[in-house]
Amino acid sequence: MTDSHVPRFALFSLLALGCASPALSGADTDARSRRDFGLTEARDLDASPDVVSIALRATPSALEIVPGKTTPLATYAGTLPGPLIVAKRGDRLDVHFENGLAEPTTIHFHGIRLPNAMDGVPDMTQSAVQPGATFDYSFTLPDAGLYWYHPHYDTLAELGSGLYGAILVEDPEEPSDLGDESVLVLSDVSVDAQGALLPPSSDPAAVIAGSDGNVVLVNGRVHPTLDVQSGRRQRLRIVNAARARYFSLGLAGRSFLQIGSDGGRLERPVSVENPVLAPAERVDLLLDPLGDAGTSLELVALPIARGLSLPLSAQVPLVTLRVVPAESAPSAPLPTLSRTITPIDTSGAEQVTIALTVDEGAASVSMGINGVPGSAAQPIHALVGSTQVLVVQNMTPYAHPFHLHGFFFQPLDASGAPQAPLEQKDTINVPPVTEIKLGVHYDDRPGMWMFHCHILDHAEAGMMGMLHVMN
Ligand code: C2O
Ligand code: CU
Ligand code: CU
């Protein structure tokens, strides 16, 4: 998709019809200066400072994506993306969920180290929530960071129809003036010229390529503008909620300071020119003040190759960053940011091979783990309190984002030591015909956990497995 093909229509008016967000007005007085930038903040129904209680309904919604046309979607609470859930580390999050759809569904809270019964996997951790039925999710939020929620039932179709939202878990001990903060939910949607939602294709080439939607969205809008104050550092907290699309971010050759990834902050920041987010990954980026009022810069998704057999993606404009006159004092110099992350000790740890495989026929394609599709998989076993090294081997000529439910892992280097700077990951890109090693420690949360490729077409084609963590 080139620039000229991107509809410039924005969903402002439609989003304004979403639920009220009282937390954004008077209550939000802390120094973090987070802007909503089109996201609706979920209302906390509980007065206690350490409990965030949300009522969330999945509902059919009609929104305007193609100018002048209506697209039938399914959303959380009528907004695209669903409401931004904001809490702080250590809070309990209660989500009173109601399924207003005609199909069963569940909610999976991607990346959160929660009890297995709250993981939202149908027929494994709970029964699917039937149309009209409710389910109460409740768990504590042990780690600061940006997470997200989405269905785990018919995920490719349900997420592709608009069911996804972000969860921001703030760190009360973090320095307050890291930058003016915005959460960016990147996604896309597949629509025809009349605005009808296009269903995923089962054609082998389409399954392999994955469902890249033809309209790219940032917080539910096409190429929105974010006003940034001159002299103020920016903090962009970004989640890739797309089904299959990779985002390689570029900003006119400037570099970003990456301070965090999936499970919160990095051990120390790193400078990066083109951060890449595979599906489901998150980054936490700082940008030095962008210049004088009246100037603007384009945040774009650069062309990216996911494997020799797949075409290079096109460049897509994401956000215009428009510099406006300062209303607040210029940002103070950035404090030294460090985080203590204990390096995972994998000495003597069991090595478990997880080969990502494909069996490609002319009329259909089957994907699997170690040659076995998810529907026929036997679980991998691990003991509570143990550490394993997952040896993830990509046997295919295209990339896969590997995701493990419930636990963070640390990517290991060739010598088997955790890569510096240390980080807590739950999703990681595995380049074509490459092997990566991940150290994972199973804390005290037994149960059956999933792992899978987060290109949802691939997961649906069988690239998923189970991990049984036992006492
Ligand atoms: Cu985003 Cu199985 O998860
Ligand atoms: Cu997950
Ligand atoms: Cu894949």
Side-chain angles (χ1 to χ4, degrees), residues 81 105-114 116 118-126 137 139 145-156 158-160 163-167 185 187 204 206-212 239-246 262-263 277-282 306-307 309-310 354-360 365-369 373-374 392-409 424-434 436 440 445 447-467:
T105 190
T106 61
I107 306 182
H108 171 61
F109 300 88
H110 183 120
I112 295 176
R113 293 190 300 137
L114 40 62
N116 189 255
M118 294 290 116
D119 200 39
V121 179
D123 304 324
M124 193 179 291
T125 68
Q126 67 170 98
Y137 295 94
F139 45 87
L146 182 64
Y147 304 92
W148 64 301
Y149 59 99
H150 63 74
H152 224 285
Y153 180 97
D154 201 5
T155 315
L156 173 62
E158 290 195 355
L159 190 147
L163 291 163
Y164 48 84
I167 305 173
V185 180
S187 66
V207 170
I208 287 169
S211 293
D212 273 358
V239 51
N240 181 357
R243 294 157 292 173
R245 180 180 293 273
Y246 282 53
D262 298 347
L277 288 98
E281 284 189 303
R282 286 87 71 200
R306 295 199 273 117
S309 57
L310 295 174
I354 296 177
L356 310 176
T357 53
V358 61
D359 185 1
E360 200 180 336
V365 59
S366 165
M367 297 192 178
I369 305 293
V392 185
Q393 299 174 338
N394 183 351
M395 311 299 280
T396 79
Y398 29 87
H400 302 279
F402 174 81
H403 169 50
L404 173 64
H405 282 212
F407 301 91
F408 293 130
F409 49 75
Q424 307 273 39
K425 292 284 288 170
D426 56 62
T427 307
I428 190 166
N429 186 48
V430 193
V433 285
T434 297
I436 62 168
V440 53
R445 286 169 305 115
M448 193 69 88
W449 301 92
M450 291 202 74
F451 56 86
H452 57 88
C453 176
H454 223 289
I455 291 176
L456 298 176
D457 310 74
H458 294 183
E460 191 141 302
M463 198 173 278
M464 51 184 167
M466 291 170 288
L467 168 79

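Read the numbers this way: they start at 1 and go in the same order the structure lists the ligands and their atoms. Here the structure is a predicted model, which is why all the values come from computation and not from measurement.
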What's the verdict on side-chain contact (heavy atoms from CB on, under 4.5 Å) for N240 and W148, showing C-alpha distance, side-chain angles and the deciding distance? CA-CA 9 Å; N240 181 357; W148 64 301; over 6 Å; no
Do you see an N/O/S atom of H150, backbone or side chain, under 2.8 Å from atom 1 (Cu) of ligand 1? yes
Compute both the distance and the angle, then confirm whether R445 meets the cation-pi test with F407: under 6.0 Å from the six-membered ring centre, within 45 degrees of the axis. yes
Checking only N/O/S atoms, does H454 have one that is under 2.8 Å from the Cu ion (ligand 2)? no
What's the atom name of the N, O or S in H458 nearest to the Cu ion (ligand 3)? ND1
With a cut-off of 2.8 Å, does H152 put an N/O/S atom close enough to the Cu ion (ligand 2)? no
State, to the nearest 10 degrees, the angle whose vertex is the Cu ion (ligand 3) and whose arms point to SG of C453 and ND1 of H400. 130°
Could you give me the CA-CA distance, side-chain angles and deciding distance for I369 and M463, then say whether side-chain contact (heavy atoms from CB on, under 4.5 Å) is met? CA-CA 6 Å; I369 305 293; M463 198 173 278; 4.1 Å; yes
Where is the tightest heavy-atom contact between T105 and P151, given as atom of each residue plus distance? OG1-CB, 3.5 Å
Any chance the side chains of T155 and H108 put a donor and an acceptor closer than 3.5 Å? no
Closest non-hydrogen atoms of R282 and V239, given as atom of the first, atom of the second and distance, are CG-CB, 3.6 Å
Counting backbone and side chain alike, does H454 bring an N/O/S atom below 2.8 Å of atom 1 (Cu) of ligand 1? yes
Near atom 1 (Cu) of ligand 1, is there an N/O/S atom from H403 that is less than 2.8 Å away? no
In H110, the N/O/S atom nearest atom 1 (Cu) of ligand 1 carries the name ND1
